[in-house]
Enquirer: 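Before we start, here is the structure in question, set down as structure tokens.
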Amino acid sequence: LAANLELEGFMPDHLNFVGYFAQRAAHLRKIATSERVIHLPTRTERWHVTRGPFVHDKTKDVFERKTYKRLIQAFNADKAAIDDWISYVNANLPAGVNLCVERFEWIQLEGLGESLRSQVGKEVDDALRVEEMTLGPRSGTPTTESEIDVNSGGSLERREGRPLSFEEDVRMRAEAFIRRHSTSKPAK
């Protein structure tokens, strides 16, 4: 997604025409857009006004204003093409139609992934330590792969001190539960 082009106005015919015009302009600039103009919900505002202060106090006039919205999404386009398209549509916009643009830019994050991974790893370790301090160690289940019994699965790669993933922890707890309950029942 490269940009959202939102059209807003009081006359739906004008919005449909401008939406078609914007899609056609994007197509001529080789910008992929949504297949159709997306109709967003209509906002209806009503005002009740009394006709007069004395005799006509019980009668009211109702005024209503409907605001229509249309959305066009642009995909896989560079910033220059999007800027050119938006400026062209904005220059040819008829009176009574507002244009709101939301742009999305994708940038390459270099080196940020490793720092985020290390920060999240530290937070997880801290949360596990706090859990063990408040609730005590987990009963009957290993917390690291070095504590796993060799006969319990054997297919896991063993690393000293690494906490188990969620799936490994659930599997180990289920196996321990099955072992506990299968030995307690008498065989028939």
Side-chain angles (χ1 to χ4, degrees), residues 1-128 130-131 163 165-171 173-174:
L1 188 63
N4 282 339
L5 188 79
E6 189 175 307
L7 303 167
E8 184 178 89
F10 302 115
M11 300 179 73
D13 297 338
H14 289 187
L15 288 180
N16 293 337
F17 176 75
V18 172
Y20 174 76
F21 169 76
Q23 272 193 321
R24 190 74 183 145
H27 176 71
L28 293 174
R29 285 171 174 71
K30 306 284 192 267
I31 299 173
T33 61
S34 51
E35 288 183 20
R36 296 189 176 118
V37 177
I38 301 167
H39 292 244
L40 296 177
T42 302
R43 186 177 69 229
T44 304
E45 297 170 291
R46 289 189 180 96
W47 295 275
H48 301 278
V49 180
T50 57
R51 285 192 175 186
F54 183 62
V55 176
H56 305 288
D57 191 31
K58 292 184 180 180
T59 60
K60 298 185 181 208
D61 285 331
V62 178
F63 296 99
E64 179 179 87
R65 178 172 66 187
K66 289 187 176 184
T67 306
Y68 300 92
K69 290 184 180 180
R70 304 290 186 260
L71 176 70
I72 300 168
Q73 293 181 326
F75 303 100
N76 300 335
D78 60 341
K79 187 179 177 189
I82 294 290
D83 289 342
D84 180 43
W85 173 55
I86 290 171
S87 64
Y88 180 72
V89 170
N90 196 21
N92 294 304
L93 210 59
V97 177
N98 292 334
L99 177 72
C100 297
V101 179
E102 185 179 10
R103 293 185 181 130
F104 302 98
E105 293 183 25
W106 304 100
I107 57 172
Q108 183 68 29
L109 298 176
E110 296 176 11
L112 186 63
E114 291 81 19
S115 64
L116 282 176
R117 272 194 214 108
S118 65
Q119 182 180 1
V120 168
K122 290 176 188 173
E123 290 176 6
V124 168
D125 291 340
D126 292 342
L128 286 174
V130 168
E131 179 183 331
S165 69
F166 177 75
E167 292 85 9
E168 294 167 343
D169 187 35
V170 169
R171 185 171 51 93
R173 287 178 188 231

Enquirer: Taking atom CZ of Arg36 as the centre, report whether more than 12 heavy atoms of other residues, nucleotides or ligands fall under 6.0 Å from it.
Expert: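 For Arg36, atom CZ is not crowded (no more than 12 foreign heavy atoms under 6.0 Å).
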
Enquirer: Does Asp61 CG have over 12 foreign heavy atoms under 6.0 Å away?
Expert: yes

Enquirer: If you compare all heavy atoms of Lys66 against all heavy atoms of Thr42, which two are closest, and at what distance to 0.1 Å?
Expert: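 Answer, listing the atom of Lys66 first, then Thr42: CB-CG2, 4.1 Å.
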
Enquirer: With a 4.5 Å limit on heavy-atom distance, are the side chains of Glu6 and Glu102 in contact?
Expert: no

Enquirer: Taking the side chain as every heavy atom from C-beta outward, state whether Asp83 and Arg103 have any atom pair closer than 4.5 Å.
Expert: yes

Enquirer: Show your working on ring pair (Phe, Tyr, Trp, His ring centres under 6.0 Å) between Phe104 and Phe75 and close with a plain yes or no.
Expert: CA-CA 10 Å; Phe104 302 98; Phe75 303 100; over 10 Å; no

Enquirer: Supply the atom-to-atom distance Ile31 CD1 to Asp84 CG, rounded to the nearest 0.5 angstrom.
Expert: 7.5 Å

Enquirer: State the CD-CG distance between Gln73 and Asn4, to the nearest 0.5 angstrom.
Expert: 5.0 Å

Enquirer: Do Thr33 and His27 touch side chain to side chain, with heavy atoms closer than 4.5 Å?
Expert: no

Enquirer: Mind checking whether Ile72 and Trp85 have side chains closer than 4.5 Å, heavy atoms only?
Expert: yes

Enquirer: Got a second to check how far Tyr68's OH is from Met11's CE, nearest 0.5 Å?
Expert: 10.0 Å

Enquirer: To the nearest 0.5 Å, tell me how far His48 NE2 sits from Glu64 CD.
Expert: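 Interatomic distance, His48 NE2 to Glu64 CD, rounded to 0.5 Å: 9.5 Å.
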
Enquirer: Give, for atom CG of Leu99 and atom CG of Leu7, the distance between the pair rounded to the nearest 0.5 Å.
Expert: 6.0 Å

Enquirer: Could you tell me the separation between the CZ atom of Arg43 and the CZ atom of Arg65, rounded to the nearest 0.5 Å?
Expert: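 Spacing of CZ (Arg43) from CZ (Arg65) equals 7.0 Å.
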
Enquirer: For residues 8-18, which residue pairs qualify under side chain to side chain donor-acceptor pair (under 3.5 Å), counting only residues two or more places apart or in two chains?
Expert: Asn16-Arg70

Enquirer: Do you know which two heavy atoms are closest between Ala2 and Ala77, and how far apart they sit?
Expert: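 Distance-wise, the nearest heavy atoms are CB-O, 3.9 Å.
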
Enquirer: Heavy-atom distance under 4.5 Å between the side chains of Leu71 and Leu5, does that happen here?
Expert: no

Enquirer: Could you check if a side-chain atom of Phe10 sits within less than 4.5 angstrom of a side-chain atom of Thr67, using non-hydrogen atoms only?
Expert: yes

